[in-house]
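Worksheet: the structure to be examined is printed underneath.
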Amino acid sequence: MILKAVLFDLDGVLTDTAEYHYLAWKKLADEERLPFSRQANEKLRGVSRHESLRLILAGRDVDEATMQLMMDRKNGYYQQLLNQVSPQDLLPGVVRILDELDAAGIPYGLASASRNAATVVAQLGIAQRLAVVADGYTVNRPKPAPDLFRYGAAMLNVPPDRCLVVEDAAAGIEAAVSAGMPALALGPVERFDTLLDQHRRVHRRDSLADVSLVDLQEMMLADETWSVIQSEFDPAQQHHMETVFTLGSGYFASRGSFEEGYPGERPLTLAHGIFDDMPVAVTELANLPNWLDFALTVDGQTFRLDNGTLLYFKRTLNLYQGVLQRQVRWQSPTGVVLDLSFERFTSYAQEQVGALRVLVTAVNQPCDLHFTAGINGHVANDDLLHWRHGDQGQTDETIWLCSQTRHSGIQLGTAARLAVSGVATVAVQQCPGQPCFGVERRLAPGQTVQFDKLVAYAADRDAVDQADDVVGRATALLVDATYDDLKLAHLAAWARLWDDCDVIIEGDDEAQLAARFNLFQLLVAAPQHDERVSIGAKTLSGLGYRGHVFWDTEIFILPFFSYIRPRIARNMLMYRYHTLAGARRKAAGNGYRGAQFAWESAVSGDEVTPRWVPDFEGKELVRIWTGDIEIHISSDIAYAIMQYWQVTGDDAFLRDYGAEIILDSAHFWGDRAEPEEVDGQRCYAFRDVIGPDEYHDHVDNNTFTNRMAQWHLETAVSLLRWLQTNYSVKAQQLRADLQITDDTLAHWQDVIDHVLIYHDADTGLMHQFEDFFQRKTVDLEFIRSARKSLQVILGIEGANASQVIKQADVIMLLCLLRDQYDQKTWQTNWDTYMPLTDHRYGSSLGPSFHAWAACEIGRFDEAYEHFMLAARADLRNPRGNAEDGIHAASAGGVWQALAFGFAGLRLGENDFSTTPRLPSHWRRLSFKFYFRGQQHTVDIRA
Ligand code: BGC
C-alpha cells in the first residue's frame with residue numbers, strides 16, 4: 001500500500017476551533033473597538049497569532065509589548081472557550097476516517113501550528129489515538145516551511161513521500177508541497193488559488209464528510225500521465241536514467257545525475273553554443289562547471305547511495321512543472337536514518353539560473369551534518385578537459401568562478417548562492433576551481449534543515465554587447481533571487497507553455513505520458529532567445545554526436561515548433577542563416593558555387609562531421625562519409641523554411657533570410673548536378689551520395705536526394721518569382737549578390753526537367769537508388785527477428801551490399817511531399833520497403849515517419865506499433881543507447897505522427913483540414929497549433 005501515514009491539521013480539519021478563534025479575536029477586537037467581521041476572519045486562516053493580530057490592527061500603531069498583551073488576552077479567551085470542546089465537536093467524517101485508518105493499521109498524527117493543540121485533542125477525546133502530536137512548539141519555522149510536516153513524518157517513521165497531509169489552509173498545503181508530501185486540501189477552490197493547478201499531488205474536497213480511506217489511497221498516486229517516476233534505484237540503469245531525467249531551460253540543460261554523485265556516473269551540464277575543440281570530432285559542447293555540486297556527511301559518514309543502506313527511493317520528473325524531485329530515506333553505516341528530499345529546476349523564466357532545494361530531516365537520532373555546496377569546475381567531457389579556470393571569489397553572499405574554454409576561448413562566469421534555514425551566514429571555502437559554501441548543523445530527531453542553492457551562468461557569447469564581465473552578469477542574476485520566487489515564475493512559465501503545447505491522448509496512459517515526455521525534452525532544449533544556435537541530435541542531454549546539429553532538426557524537430565512555438569522555430573532557422581558563411585566555405589571547398597550545408601554543424605556552419613570514429617567494438621577506426629557525401633541536408637533546410645513560412649505566413653523572414661538560404665543553396669544543387677546521357681537522353685545525375693538510409697554509402701541517384709534537389713530548385717524558381725512580384729528590390733538585390741543570372745535560372749530549369757528519378761509510373765515503385773534492387777536479397781524473417789542492428793550482424797560492407805534499410809528513405813520522401821504521390825505509389829513502396837527495414841535496431845529516426853506513413857495507407861495497428869517504438873525511444877530504451885542522450889529527432893517525429901499521421905492535419909492555402917484515424921483504443925486526440933498567427937484546436941473524439 002502506498003499510503004503509510006496521515007498527518008492532520010487541526011483547525012478546520014478535525015474540528016472547527018476556527019470558530020472559537022474567531023469568537024476570541026472578536027471579543028478582543030470589540031473591546032479594542034477594532035472593526036472585525038467573519039469576512040475579515042477568512043484572512044486569518046493558517047496565519048500565525050502575531051500576524052493575525054497585525055491584520056486585525058490594520059495599520060494601527062501598537063508597540064510589540066502591547067501586542068503581546070493583546071495576544072495573551074485573546075489566548076485566554078480562546079482557552080476558556082476550549083473548555084467547551086467535546087467529542088461532539090469532531091467534524092463530520094472524522095470519526096469514520098480515523099476508524100478506517102485504525103482498521104487498516106495506518107498510523108496518523110496531528111501537525112498543527114496551534115499552541116493549544118494538545119488541549120484540544122484531549123478535549124476531543126482522540127489524544128490516545130494519535131501517533132504523534134506536532135504543535136506550535138515543535139519547530140521554529142512555521143508553515144509554509146516544510147519543517148512541521150517533515151517532523152511528523154519522521155516521528156511516524158514514514159518517508160515523507162508516503163505520508164498524506166490533510167489541511168484546510170493554503171499555507172499548510174504549501175508546506176506539504178515543500179515537504180515533498182501529497183496533500184488533501186479541504187475547503188473551497190478559491191482558497192487554494194494556483195496550488196491546485198500547479199501541484200498534481202494536491203487534491204481538494206469540501207470537507208472530510210464524504211472522503212473514505214480508498215479516496216485517500218487514490219490521492220497518493222501521482223498523475224501518471226504527467227510524471228515520469230522511478231521507484232527503485234538500479235545502478236545498472238544509471239546512465240539511461242540520467243538522460244531521462246534531463247532538465248533544461250533552453251539556455252542550458254543538465255542530465256539527471258545525483259547531486260551527491262555516484263561511482264561511474266555521467267553528470268553533464270551543456271549550454272547552447274559553448275563549444276570547444278576536441279580531437280577526432282573537431283568540436284563539441286563543453287561540460288560546464290557543475291552547478292549541482294553537493295556533498296553531505298553525517299557523523300563523519302558520506303551520504304551516497306553506494307554507502308550505507310537505501311531504505312526508500314523515488315524520483316519524479318514532473319513534466320507539467322519542469323521540476324525533478326528525489327525522495328530518499330537513507331541509513332548511514334553508523335545507523336543514522338535521514339529523510340532527504342532533493343528538488344531542482346532549470347528556470348524557464350530566468351533561463352540562465354538553476355535552483356536546487358535540499359531538505360534533510362533526522363529521523364531516529366541526533367546527528368551532526370557537514371554540508372558543502374558550490375561550483376565545481378573540475379569537470380570533463382569523458383576524460384577531456386575543456387576549461388581553464390581564472391579568478392574565483394566572493395561578492396556579498398555570492399561565490400563565483402570565472403572560466404575559459406581552452407581552445408575556443410569562450411568566457412564563462414558561474415555564480416552561486418546558498419541559503420540555509422536557521423543559519424544567518426554560511427562559511428565560504430575557496431578551493432582552486434571549486435569555490436563552495438560549507439555548513440555544520442546538529443539535528444535533533446524530527447528536525448529539518450533546508451538548503452536553497454541558486455546558480456547562474458553567463459557567457460561572453462550571450463550577446464555581442466555583453467561581452468565583458470561574465471562574473472558580474474552571473475552574480476547580478478542572483479541578487480534578491482529566492483528559490484520560492486524563482487519557482488513560482490518557473491511554474492507559471494511552464495503552465496503557459498503547456499497551455500499551447502500539450503497533446504491530449506485519452507484511452508492510453510502510456511502513449512499520453514510518452515507524448516508529453518518527448519515534447520518536454522524538445523522544449524527544454526529549444527533556444528528561447530538565441531538565434532545563433534539550434535537543437536543538436538541529442539539535445540543538450542548527452543555527449544552523443546557532440547552537440548552537433550543534423551537534418552534531424554529541420555525535418556524531425558522543427559515542425560513541432562513551426563506549428564506551436566513559431567518564435568523558437570524562427571530562432572532555429574536563423575541559426576542556418578547565421579551559418580551560411582560556413583556552408584559557402586563548404587561549397588567552395590568542394591568546387592561549387594553557393595551554399596552547401598554541413599551534414600554536422602556547430603558554431604560556424606563549417607563541416608564538423610568526424611571523418612573517423614571507432615567501430616562497434618571500439619577496436620578499429622571506421623571512415624565516416626556522411627560529412628563528405630550526405631548532401632540532402634541542404635534541401636532539408638529549404639523544406640523546413642518553406643514549411644515554416646506556409647504555417648506562419650512570416651513573409652518578412654522569407655524575404656530577409658529564408659530566400660537567401662534557399663537561393664544560394666540552389667546554386668550548389670545546380671553545380672552539383674552531373675550532366676549525363678542515358679539511352680541517348682540528356683539527364684542530370686547525383687552520383688556518389690548517401691541518402692537517408694545510411695546502411696548504403698557511395699550510391700548513385702538516391703531518389704530522396706534527387707527528388708528533394710529537384711523540389712529545391714523548383715522552389716527556388718518560384719520563390720524568386722514571388723520575390724519579384726512582392727519585393728522586387730529585394731529580388732534584384734539577391735540576384736545581384738548571389739549572381740543568379742538568366743543563364744543560372746535556365747540551368748536550374750534544365751536540371752528540374754532532366755534530373756534522374758527512378759519512379760516506375762506503372763507500378764509506382766521508386767528505386768531507393770540506382771542499383772538497389774541489384775544488391776543481395778536478405779531473408780525477411782532474418783530481418784524481422786534480428787536482435788541487433790543489421791549493420792552489426794552483416795558488417796558495414798555486408799549491409800551495404802544487401803537490400804536492408806536503416807531508416808525511412810523512399811517512405812520519408814512520400815511523407816514530405818505527400819500531396820504529390822498517388823495511393824498506388826504509397827502502397828507499392830510501403831509493401832516493398834517496410835519488410836526490408838531494420839525497425840528496431842536501425843535508426844531511431846524511422847519509426848515516427850513509419851507511423852505517419854502507415855496512417856496514410858490505412859494500416860492503423862501498424863501505425864500504433866511504430867508510434868510506440870518512437871514514443872518509447874528514451875523512456876524504455878529499446879535500442880539500448882539512450883545513455884548517449886535524448887533521441888531528439890524521434891521526439892519531434894512523435895509530434896508529427898500524432899498531428900500529420902493520426903489526426904491527418906493538412907494545411908491548404910487559407911485553411912486546414914484533418915482526417916482522423918486514431919488507433920482503435922484511443923478515445924481522444926487533441927492539440928493546438930497556430931496557423932498564420934491564429935491559434936486553432938484539433939479535438940478528435942472516437
Ligand atoms: C541517422 C541519421 C541521423 C543521425 C543523427 C544517424 O544514425 O542515420 O539520419 O541524422 O543518426 O541522429
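Keep in mind that the numbers below use all heavy atoms, side chains included, and drop hydrogens, waters and symmetry copies. None of the values given here were measured: they were computed from a predicted structure.
- In this structure, CG in Leu454 is found 9.0 Å from CH2 in Trp291, a value given to the nearest 0.5 Å.
- No side-chain donor-acceptor contact under 3.5 Å links Arg441 to the backbone of Val423.
- Dense packing is recorded around CG of Asp484, with more than 12 heavy atoms of other residues, nucleotides or ligands lying under 6.0 Å away.
- A side-chain donor-acceptor contact under 3.5 Å links Thr225 and Arg516.
- For Lys487 and Glu343, the salt-bridge test passes: some basic side-chain N is under 4.0 Å from an acidic carboxylate O.
- A side-chain donor from one of His21 and Tyr78 sits under 3.5 Å from a side-chain acceptor of the other.
- A donor-acceptor pair is defined here as one N or O able to donate and one able to accept, closer than 3.5 Å; no such pair exists between the side chain of Arg315 and the backbone of Ile229.
- Screening Arg201, Lys4, Arg329 for a salt bridge (Lys or Arg N to Asp or Glu O under 4.0 Å) involving Asp161 leaves a single residue, Arg201.
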Next item on the list: Could you walk me through whether Leu28 and Leu53 pass the side chain to side chain contact (heavy atoms under 4.5 Å, CB included) test, one step at a time?
Entry: CA-CA 10 Å; Leu28 179 85; Leu53 179 57; 4.1 Å; yes
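- With 3.5 Å as the limit, one finds a donor-acceptor pair spanning the side chains of Asn75 and Asn116.
- A side-chain donor from one of Arg129 and Tyr108 sits under 3.5 Å from a side-chain acceptor of the other.
- The OG1 atom of Thr539 sits 8.5 Å away from atom CG of Leu522, with the distance rounded to the nearest 0.5 Å.
- With no hydrogens or angles considered, no side-chain donor-acceptor pair links Gln217 and Asp215 at under 3.5 Å.
- Residues Phe258 and Phe294 place their aromatic rings such that the two centres sit no closer than 6.0 Å.
- Between Phe303 and Phe342, the ring planes lie parallel to each other; the angle is under 30°, not in the 30° to 60° tilted range.
- Side chains of Gln325 and Thr316: no donor on one and acceptor on the other come within 3.5 Å.
- Atoms CD1 and CD, from Ile173 and Glu167 in turn, are 5.5 Å apart once rounded to the nearest 0.5 Å.
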* To do: Verify salt bridge (Lys or Arg N to Asp or Glu O under 4.0 Å) between Asp508 and Arg923, making sure each step is shown before the conclusion.
  => CA-CA 8 Å; Asp508 189 337; Arg923 294 197 311 275; over 6 Å; no
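- Ring centroids of Trp494 and Phe520 are separated by less than 6.0 Å, placing the two rings close together.
- The minimum heavy-atom distance linking Val165 with Met181 is given by the pair CG2-CE, 3.8 Å.
- By the 6.0 Å contact criterion, CD on Glu510 is enclosed, its count of non-hydrogen atoms from other residues, nucleotides or ligands being greater than 12.
- Ion pair Lys928/Asp499 flagged as a salt bridge, since at least one NZ, NE, NH1 or NH2 atom sits closer than 4.0 Å to an Asp/Glu carboxylate oxygen.
- Between Cys501 and Leu519, the shortest heavy-atom distance links the atoms O-CD1, 3.5 Å.
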What's the verdict on side chain to side chain contact (heavy atoms under 4.5 Å, CB included) for Val121 and Leu110, showing C-alpha distance, side-chain angles and the deciding distance?
CA-CA 9 Å; Val121 290; Leu110 187 83; 3.9 Å; yes
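- Closest heavy-atom contact between Tyr151 and Ala134: CD2-CB, 3.7 Å.
- A heavy-atom distance below 4.5 Å is found between the side chains of Val337 and Leu311.
- A salt bridge links Asp939 with Arg941: the closest approach of a Lys/Arg side-chain nitrogen to an acidic carboxylate oxygen falls below 4.0 angstrom.
- Ion pairing between a basic and an acidic side chain is recognised when a charged N comes within 4.0 Å of a carboxylate O; Arg115 and Asp135 show no such pairing.
- Inspection of the Ser341 and Arg150 side chains reveals an N or O donor paired with an N or O acceptor under 3.5 Å.
- Side-chain atoms of Arg567 come within 3.5 Å of backbone atoms of Gln528 as a donor-acceptor pair (strictly under, hydrogens ignored).
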Can you list the steps and then say if Leu208 with Val166 is a side chain to side chain contact (heavy atoms under 4.5 Å, CB included)? CA-CA 9 Å; Leu208 281 175; Val166 186; 4.3 Å; yes
Under the criterion side chain to side chain contact (heavy atoms under 4.5 Å, CB included), I'd like the reasoning laid out for Tyr457 against Thr269: C-alpha separation, chi angles, the key distance, then a yes or no. CA-CA 11 Å; Tyr457 294 111; Thr269 294; 3.7 Å; yes
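- Tyr320 and Asp502 form no side-chain donor-acceptor contact under 3.5 Å, judged by distance and modelled atom types alone.
- Between the side chain of Glu100 and the backbone N or O of Leu213, at least one donor-acceptor pair lies under 3.5 Å.
- A donor-acceptor pair shorter than 3.5 Å cannot be found between the side chains of His203 and Glu218.
- Defined by atom type and a distance below 3.5 Å, a donor-acceptor pair is missing between the side-chain atoms of Ser541 and Arg255.
- A donor-acceptor pair shorter than 3.5 Å can be found between the side chains of Thr482 and Asp485.
- The shortest side-chain heavy-atom distance between Asn41 and Phe36 falls under the 4.5 Å cut-off.
- A distance of 12.0 Å separates NZ of Lys26 from CD of Glu19, quoted to the nearest 0.5 Å.
- In summary, the side chains of Gln450 and Arg141 do present a donor paired with an acceptor at a separation below 3.5 Å, with no hydrogens or angles considered.
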| task | Apply salt bridge (Lys or Arg N to Asp or Glu O under 4.0 Å) to the pair Lys43 and Glu51, showing each step before the final yes or no. | result | CA-CA 10 Å; Lys43 298 218 173 65; Glu51 181 61 14; over 6 Å; no
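- Of all the heavy atoms in Asp339 and Val363, the pair that sits closest is OD2-CG2, 3.5 Å.
- Checked options Asp197, Asn318, Thr194, Val323; the residue passing with Leu491 is Val323 (criterion: side-chain contact (heavy atoms from CB on, under 4.5 Å)).
- Separation of atoms CD1 (Ile97) and CG (Leu91) is listed at 13.0 Å; rounding is to 0.5 Å.
- Between Val503 and Leu925, the closest heavy-atom pair is CG1-CD1, 3.7 Å.
- In this structure, the separation between CG on Leu319 and CD on Gln521 is 8.5 Å, given to the nearest 0.5 Å.
- If you run salt bridge (Lys or Arg N to Asp or Glu O under 4.0 Å) between Glu259 and each of Arg357, Lys453, Arg344, only Arg344 comes through.
- Using bins of under 30°, 30° to 60° and over 60° for the plane-to-plane angle, the ring pair Phe233/Phe313 lands in the tilted bin.
- Side chains of Thr448 and Thr361: a donor-acceptor N/O pair is present below 3.5 angstrom, by distance only.
- Thr346 places no side-chain N or O within 3.5 Å of a backbone atom of Ala253 that could act as its donor or acceptor partner.
- Counting only heavy atoms from C-beta outward, the side chains of Val202 and Leu184 never approach each other to under 4.5 Å.
- The closest side-chain donor-acceptor pair between Asp500 and Gln935 falls under 3.5 angstrom.
- The shortest non-hydrogen separation linking Phe192 to Asp168 is CZ-O, 3.7 Å.
- Within the 3.5 Å criterion, the main-chain N or O of Ile886 finds no donor-acceptor partner in the side chain of Thr243.
- Classification of the His490-Phe345 ring pair by plane angle, with boundaries at 30° and 60°, yields parallel.
- Relative to the six-membered ring of Tyr312, Arg162 misses at least one condition, a distance below 6.0 Å or an angle of at most 45° to the axis.
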